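A quick write-up on the structure given underneath.
Keep in mind that this is a model prediction, so the values were computed, not measured. Within every chain, numbering begins at 1; the chains are lettered A, B, ... in the order of the sequence lines, protein sequences first and strands thereafter.
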Amino acid sequence: MSDFRARRPASPPSSAQPYGKLSSAPSQRFPPRPKDRLDADERKALATSGYPRQHHPLGGFKLSSGEVKLLILVVVLAAFVRLYKLSEPNSVVFDEVHFGKFASKYIKTRYYVDVHPPLAKLLITLVSVISGYDGNFDFKDIGKIYADVPYVMMRALPAVMGLAVVPLTYLTLRGLDCRATTALLGSVLVAFENSLITQSRLILLDSPLIFFTSLSTFCWVGFSNEDKAEPFTEQWWFWLTLTGLSLGAVVSCKWVGLFTIALVGLCTIRQLWLLLGDMRVPPRLFVKHFCARALCLIVLPITFYMAMFEIHFLILQNSGEGDGFMSSEFQHTLQGRGMADTFADVAIGSEVTLRHVNTQGGYLHSHPHNYPGGSQQQQITLYPHRDDNNNWIIRNALEEKNTSSTDLVYLTPGMTVRFDHISTNKRLHSHDVRPPISEVDFQNEVSGYGFEGFEGDANDNWIVEIESGDRKDPESKKRLRTLRTYFRLRHPLTGCYLFSHKVKLPEWGFEQQEVTCNKNAVKPNSLWVIETNSHPNLPPDAEKVNYRIPGFLAKFLELQRVMWDTNAGLTDRHVYDSRPLSWPFLKRGINFWVKDHRQIYLLGNPFIWWSGTAAVLAYAAVRGFLVIRAQRGYKDFLNTGVVKADQLCGFLFLGWALHYLPFFLMERQLFLHHYLPALYFSILLLAGVFEVVTGALRPRVRLQIAGAIAVVAILTFAYFSPLAYGSSWTRSKCMRAQWVKSWDFSW
Amino acid sequence: MSAQGDREFHGATSPSPLESDKISAAVVCTLTALAFALRFYKISHPDEVVFDEVHFGKFAGYYILREYYFDVHPPFAKLLLGLAAWFVGFDGKFDFESIGDSYSKNHVPYVGIRALPAVLGSLTVPIVYGIMKQSGFPTAIAAFSAAIILFDNAHIAQTRLILLDAALVFFMALSLYSYIRFRKVRYSEYTAQWWGWMIATGVFLACTLGCKMVGLLTFAAVGTAVLVDLWDLLDHRKGLSMDQVSKHFFARAFGLILVPAIVYLSFFWVHFKVLKFSGTGDSFMSPAFQETLHGNELLLNSHEIRYYDTLTLKHKETKAFLHSHEEKYPLTYSDGRVSSQGQQVTAYPHNDTNNHWQVVPTITLPPAGRGRIVRHMDVVQLLHVPTQTYLLTHDVASPLMPTNQEFTTWPKGDESRYNDTLFELQLINGDDGDPWKTKSGHFRLVHVPTKVALWTYTSALPAWAFKQQEVNGNKNAQDKTATWFVEEIISDENGHDVHNRTSAAEPKTVKSMNFFRKFAELQLSMLQHNAGLTASHPYASSPINWPFLLSGISFWTHNDTKGQIYLIGNIFGWWTCVLALSVFVGIMGADALARRRNIKPIPDLVRNRLLNSTGFFIGAWAWHFLPFFLMDRQLFLHHYLPAHLASALVAGSVLNFVLTESINYPISVWGPNLHTGASRRYYTDFGSKGVFTVGAGILFLALTFLFFAPLTYGTPGLDPEGVNRRRLLSTWTLHFAKVSNA
């Protein structure tokens with residue numbers, strides 16, 4: 001050890017004090033210790049008693065007064081571009097057709113069915129009611145001039161929500177520990193994004209959706225900051241609850257809000273996973289963490305979502321266009337669709353109507369028109385409305401008809417019966433002839449056959465097979481009871497079952513639903529139920545039944561299923577639909593409205609849009625490269641700068657991916673505006689990349705770069721702004737703006 | 001390698017007598033013999049066409065007749081069936097028209113054809129045994145996994161018939177087996193053995209894919225394992241240089257991508273070589289393809305079109321002719337929009353003189369000779385012969401689609417709208433100078449000023465146009481459905497029949513086409529048709545039903561004997577597999593959570609085995625099952641069979657884990673890259689209790705199989721009571737379950 005040489009001279013011995021005056025001050029050769037930095041002993045003491053308690057700003061958002069002023073300036077600018085000439089055009093634009101119509105329906109309290117949950121539509125309705133709308137405008141076609149509609153106020157709601165996204169962007173980025181320059185740049189980019197502006201200036205649901213998406217992200221960032229500082233404080237609960245409510249709101253606007261829930265959910269799982277690995281956290285505390293999050297992030301959003309539907313049902317109490325989507329039980333709850341009580345016991349001689357259980361096709365029906373092909377006998381169809389042609393009398397097929405007329409012979413399983421159609425005097429009949437539409441081997445035609453005095457033949461016979469009864473009515477399993485027994489009718493000669501499916505007859509069948517006899521019948525489509533029933537021998541005070549009124553939960557679940565099916569059924573092509581792959585590259589926009597050589601065309605700000613996509617790709621490439629480097633033994637991830645940048649960009653990248661990639665799995669019609677939530681995250685990520693890339697620069701240079709980017713973005717916005725506002729444009733400018741061949745706005 | 005868990009790792013240091021090679025050989029022989037017995041038992045029954053034999057029997061016949069056919073599945077398994085049919089002397093004359101047609105009456109050597117799937121199905125059983133044995137599981141466990149396949153009613157029913165799944169499952173199992181063998185020799189890289197097993201994996205993967213497109217899932221399963229393996233090699237702690245890693249990478253790319261690609265292409269090469277005559281599949285292919293087939297109609301009847309010929313133009317998709325008649329469009333439509341009130345242009349499916357159009361040139365023509373032929377990219381006018389008006393389109397919305405342009409016609413004498421009557425003739429895949437031909441010359445007609453394409457679709461116009469099909473201008477001029485062709489030449493310029501002109505032409509010879517273009521075209525249309533199989537089928541089921549065996553498929557019924565073949569698995573075996581899958585997921589999940597809290601419930605050595613071996617099986621199961629949830633086409637229970645095989649492997653390894661925590665170790669072959677001569681060997685400590693459990697399990701499998709056997713073999717027939725006893729789940733739609741009412 002003789003050659004050991006200390007790098008620094010040893011501290012001056014305390015006994016020798018050449019500079020006596022300084023003896024009490026700390027040594028000048030070491031920088032003074034910051035106040036909030038603790039030495040090892042202090043940290044150890046604190047660690048044993050829990051996390052360090054220190055003051056921190058609410059949610060980690062510390063804004064200086066200068067920042068606030070700048071932010072206000074940006075918000076004012078954003079307000080100007082969003083509210084400018086909001087009253088133009090004064091006619092219906094694009095999907096205002098639907099969402100304006102729904103507001104009218106709420107006001108008229110007429111039931112409708114839509115694929116989207118009600119919150120955003122309720123908000124629009126609220127605004128229109130406050131502004132004195134009476135619900136009499138029909139929003140029939142794009143381009144129809146508004147009359148007596150406070151459409152400016154209705155458009156102002158999405159506009160204000162779109163506006164609120166701008167400060168939320170700023171705060172979110174600040175909460176993610178970005179510099180003020182970065183946050184300012186992010187909010188300017190959001191403020192001048194053409195597609196966000198266009199979408200928020202009309203009565204559409206996407207602006208509320210994006211608002212709640214950004215609000216949820218903001219709240220989650222606030223919560224995460226609180227969680228890092230100190231859990232279970234009042235603020236911690238405040239932010240957590242707010243996140244939950246906001247998540248409930250986002251999914252109550254559109255179902256794509258589920259992607260936001262997925263984002264917060266994945267981040268929560270990561271938090272919990274880290275907590276689980278933290279051996280300082282005892283199991284009891286972990287369970288507390290887990291339960292708090294489950295309560296606020298699962299239970300609360302679900303409750304909120306259901307509450308929205310409760311409001312929806314409370315408002316829409318009357319029958320309307322949406323009735324046909326719902327089950328008979330549901331329809332019974334709507335005023336104007338109710339049904340009088342009917343007799344419970346079905347017997348030989350009962351006059352009944354039979355309803356098909358699985359489709360909303362309606363009642364077994366016949367009318368004095370014949371099939372044009374096949375047997376050319378009388379048509380049997382399903383008809384959705386109440387009508388005398390739905391009435392049938394049940395006869396016994398095997399026994400003599402003159403049994404003592406006062407006895408009630410109940411219908412039991414295995415009984416062979418015939419159905420007489422009252423108004424045309426025909427019988428329900430089937431034979432080995434292919435039906436008109438479903439001409440396949442296992443389907444037989446069902447027709448009305450017979451004439452007065454005709455005894456009927458064996459092809460008129462049907463065997464009753466009870467499928468299920470009602471739990472609360474044990475009798476209904478043993479014999480046929482109105483509304484309670486689901487049964488099938490088997491045709492004994494051919495072994496087929498009376499069947500119907502969602503196939504419409506052509507014009508000669510008045511587009512009613514086809515009824516066949518199916519040898520391979522799927523069970524749900526061969527189930528029937530008796531809806532109304534009367535019998536001459538039943539005393540008027542005999543037992544009566546009616547539909548059971550479904551509770552809220554049953555109605556809620558049924559509506560969810562209907563919405564899901566309707567949504568999945570939206571597979572028709574639309575002229576302006578697009579596939580997800582084209583979105584990040586902004587291949588094509590959507591024509592919203594054209595009139596008098598003016599056009600509103602949904603198109604993003606190409607500069608911001610493409611830069612956002614570039615940021616996404618750049619992050620993915622760099623991250624992939626770093627992972628491979630790590631596998632080869634490079635220690636990049638031990639560098640705190642890299643880790644911090646990765647946490648910031650990784651969170652935003654996850655947000656983008658979760659709001660974008662799931663669309664690839666959807667078969668339904670998709671439109672460019674479905675990308676907007678993902679676009680929001682790509683803009684945030686762009687700001688994040690800016691933060692990381694300019695990290696080493698001097699603040700002044702950084703500000704200049706940000707300024708340059710913002711100016712380019714604003715100029716691009718101005719260049720394309722006539723498409724957003726539908727203002728006049730010269731032909732040459734319009735042609736020149738067509739940077740990409742597939743932007744089909746000039747015509 | 002040391003067991004560092006909270007509990008010490010236990011294992012026997014000497015093998016149990018059951019593990020000897022002799023016993024193992026005896027077990028595998030017994031299993032194979034049983035497999036053959038169960039699959040060949042009454043293979044001649046029923047002597048009728050069953051279920052999809054309708055298709056695959058027919059295809060075998062086409063190979064023998066060498067007639068071109070089209071199917072969504074790749075050709076390998078069908079080639080094998082065709083080979084078997086040829087070998088047993090089938091003449092291809094029977095057409096397998098519908099289920100229930102008799103074989104014996106038509107003298108079809110069907111037993112020989114069915115024998116091929118049965119042999120492949122039987123051989124799958126020893127392969128499963130081999131997979132388990134090679135993965136280091138004891139004999140009894142390997143026998144258990146094999147027995148799940150051996151006694152499985154669904155596998156047996158599917159492999160006794162002329163279907164593709166036997167070959168698919170066989171090659172899928174072989175791929176897994178070879179990959180495991182390859183993985184085991186990883187310490188002696190680049191040796192002959194190493195290359196051999198890797199290339200074998202590649203070849204078998206190609207065979208799997210050659211049977212059905214779901215073979216891609218086998219590719220994905222093995223591919224995932226290969227990627228994980230490569231990722232581990234990339235790890236710097238392995239100490240491999242980048243050069244070494246990339247050598248590994250390219251070796252695998254060669255063996256597992258290039259070799260399979262060549263093998264897969266060779267199936268198609270044979271397919272095209274064999275099928276050289278025109279057949280039922282012609283119309284699925286492009287004209288260029290069709291002209292390579294002997295006796296094809298296009299080849300015989302395709303004529304060059306000259307200017308001033310009168311033609312009929314047919315829309316390829318809807319098979320309707322371009323039509324016009326004197327009636328005008330009404331001024332206003334029901335939705336309030338207005339029309340040009342021009343003459344209607346529609347599409348009409350039947351022959352009519354109103355379908356006749358004359359091609360009018362826009363350039364001056366030479367008086368005679370080949371200069372008068374219409375060629376690709378020529379600008380032409382179409383004259384409607386009966387009304388002497390030119391076809392025209394303009395910026396007026398069509399009657400039904402406000403976004404598309406209206407088509408109408410304009411009187412011959414009036415030159416004021418000349419530009420609007422100009423159309424560019426774009427032949428599909430045409431090159432400059434290509435002549436326009438009848439039948440084979442598919443084309444788009446693009447309007448010169450507005451760039452819209454002549455288009456029609458299935459919507460009918462209202463009564464004012466006699467419910468004929470709407471024709472309009474599609475702004476997407478590249479739309480595939482905007483394709484038309486010339487059905488026939490009615491007459492030439494002077495009104496003469498053109499047959500004289502064409503008969504003078506030289507006799508047609510079969511054209512050749514680049515193999516890769518043929519392959520690309522066939523592969524593409526296979527995929528498109530596969531995606532288009534969305535019609536509902538009474539026995540189609542959704543994937544979630546499959547592992548739980550909630551529904552089966554009725555293959556065949558016979559009313560007189562009350563016999564039926566119903567595809568349903570061995571419910572005991574299937575539910576065991578599901579249980580094993582959930583146990584594995586549960587154990588690994590719990591272990592992962594516990595490890596977060598520094599508790600190690602499973603010793604590291606056992607955990608590694610679970611992750612690497614059972615994990616691979618689980619991966620294979622997931623890859624062969626989960627992607628079906630994304631498919632929108634018709635799905636059937638038999639699509640689960642490959643996944644079921646993987647789940648049988650999981651069931652064996654989970655049973656091993658449950659019975660004993662000890663494993664056979666090591667199982668990989670020590671090679672030059674790993675010198676661990678000092679390492680100890682462990683053997684599974686299985687005990688008699690384990691053997692007894694496995695024995696009982698196999699016995700149960702056999703009993704359940706026997707109980708359902710009448711539904712698998714279609715004989716003997718069952719009375720309603722017997723049917724109902726076998727109908728364990730109410731969702732099984734068995735026939736003859738009801739007492740018939742007289």
Side-chain angles (χ1 to χ4, degrees), chain A residues 140-144 272-279 281-283 286 398 413-416 440-443 461 463 465 467 490 492-493 495 501-502 506-507 518-523 525 568 571 573-576 588 591 594 627-635 664-667 742 744 747, chain B residues 98-100 230-242 245 335-337 395 401-404 450-451 457 460 463 467 474-476 479 481 531 534-540 551 554 557 559 592-599 629-632 730-731 733 735-736 738-742:
Chain A
K140 196 164 175 226
D141 290 305
I142 295 178
K144 182 165 183 174
L272 289 174
W273 185 249
L274 293 176
L275 272 175
L276 187 65
D278 185 348
M279 294 305 284
V281 177
F286 177 79
L398 301 177
M415 209 170 208
T416 310
V440 279
D441 278 345
F442 52 84
Q443 296 267 29
N461 292 353
I463 294 176
E465 289 180 7
E467 180 56 33
R490 185 158 60 87
L493 285 193
H501 48 179
K502 283 187 179 164
E507 218 155 305
N518 190 333
K519 287 180 196 161
N520 285 339
V522 277
K523 195 170 277 168
N525 273 345
T571 51
R573 293 299 306 271
H574 185 280
V575 194
Y576 284 95
R588 192 181 179 210
N591 178 26
V594 190
V627 168
I628 292 176
R629 267 173 68 87
Q631 189 75 356
R632 294 303 296 168
Y634 296 92
K635 309 275 184 236
F664 283 96
L665 302 181
M666 294 188 195
E667 298 289 329
S742 48
D744 45 0
W747 44 289
Chain B
S98 55
I99 297 178
L230 279 173
W231 187 247
D232 287 340
L233 291 176
L234 191 65
D235 191 335
H236 65 104
R237 282 167 295 184
K238 284 262 185 208
L240 297 184
S241 72
M242 263 331 258
V245 173
D335 58 357
R337 289 180 299 116
D395 192 7
M401 293 180 75
T403 51
N404 287 20
T450 60
K451 302 287 177 222
Y457 63 112
K467 306 273 170 66
N474 189 338
K475 286 187 174 133
N476 180 5
D479 197 322
T481 58
T534 52
S536 70
H537 185 284
Y539 289 104
S551 66
S554 173
T557 55
N559 274 328
L593 288 178
R595 273 166 193 260
R596 277 309 272 177
R597 305 299 292 184
N598 266 346
I599 305 163
F629 285 96
L630 302 181
M631 293 186 199
D632 280 330
S730 63
T731 45
T733 48
H735 287 264
F736 312 124
K738 290 261 162 67
V739 187
S740 55
N741 298 49

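- B/Met242 touches chain A through backbone and side chain together, each having a heavy atom under 4.5 Å away.
- In this structure, A/Tyr634 places its OH atom where only 12 or fewer heavy-atom neighbours from other residues, nucleotides or ligands lie under 6.0 Å away.
- Contacts of B/Ser241 with chain A are made by backbone atoms alone, with heavy-atom separations under 4.5 Å and no side-chain atom involved.
- Residues A/Arg632 and B/Leu240 approach most closely at NH2-O, 2.5 Å, considering heavy atoms.
- Neither the backbone nor the side chain of A/Leu272 comes within contact range of chain B, judged by heavy atoms closer than 4.5 Å.
- Of all heavy-atom pairs between B/His236 and A/Ala630, the closest is CD2-O, 4.0 Å.
- Contact annotation for A/Leu276: both backbone and side-chain heavy atoms come within less than 4.5 Å of a heavy atom of chain B.
- Contacts of B/Leu630 with chain A are made by side-chain atoms alone, with heavy-atom separations under 4.5 Å and no backbone atom involved.
- One distance of note links CG of B/Asp232 with CD of A/Gln631; it measures 7.0 Å at 0.5 Å rounding.
- In terms of heavy-atom pairs under 4.5 Å with chain A, the best-connected choice from B/Lys238, B/Arg237, B/Arg596, B/Arg595 is B/Arg596.
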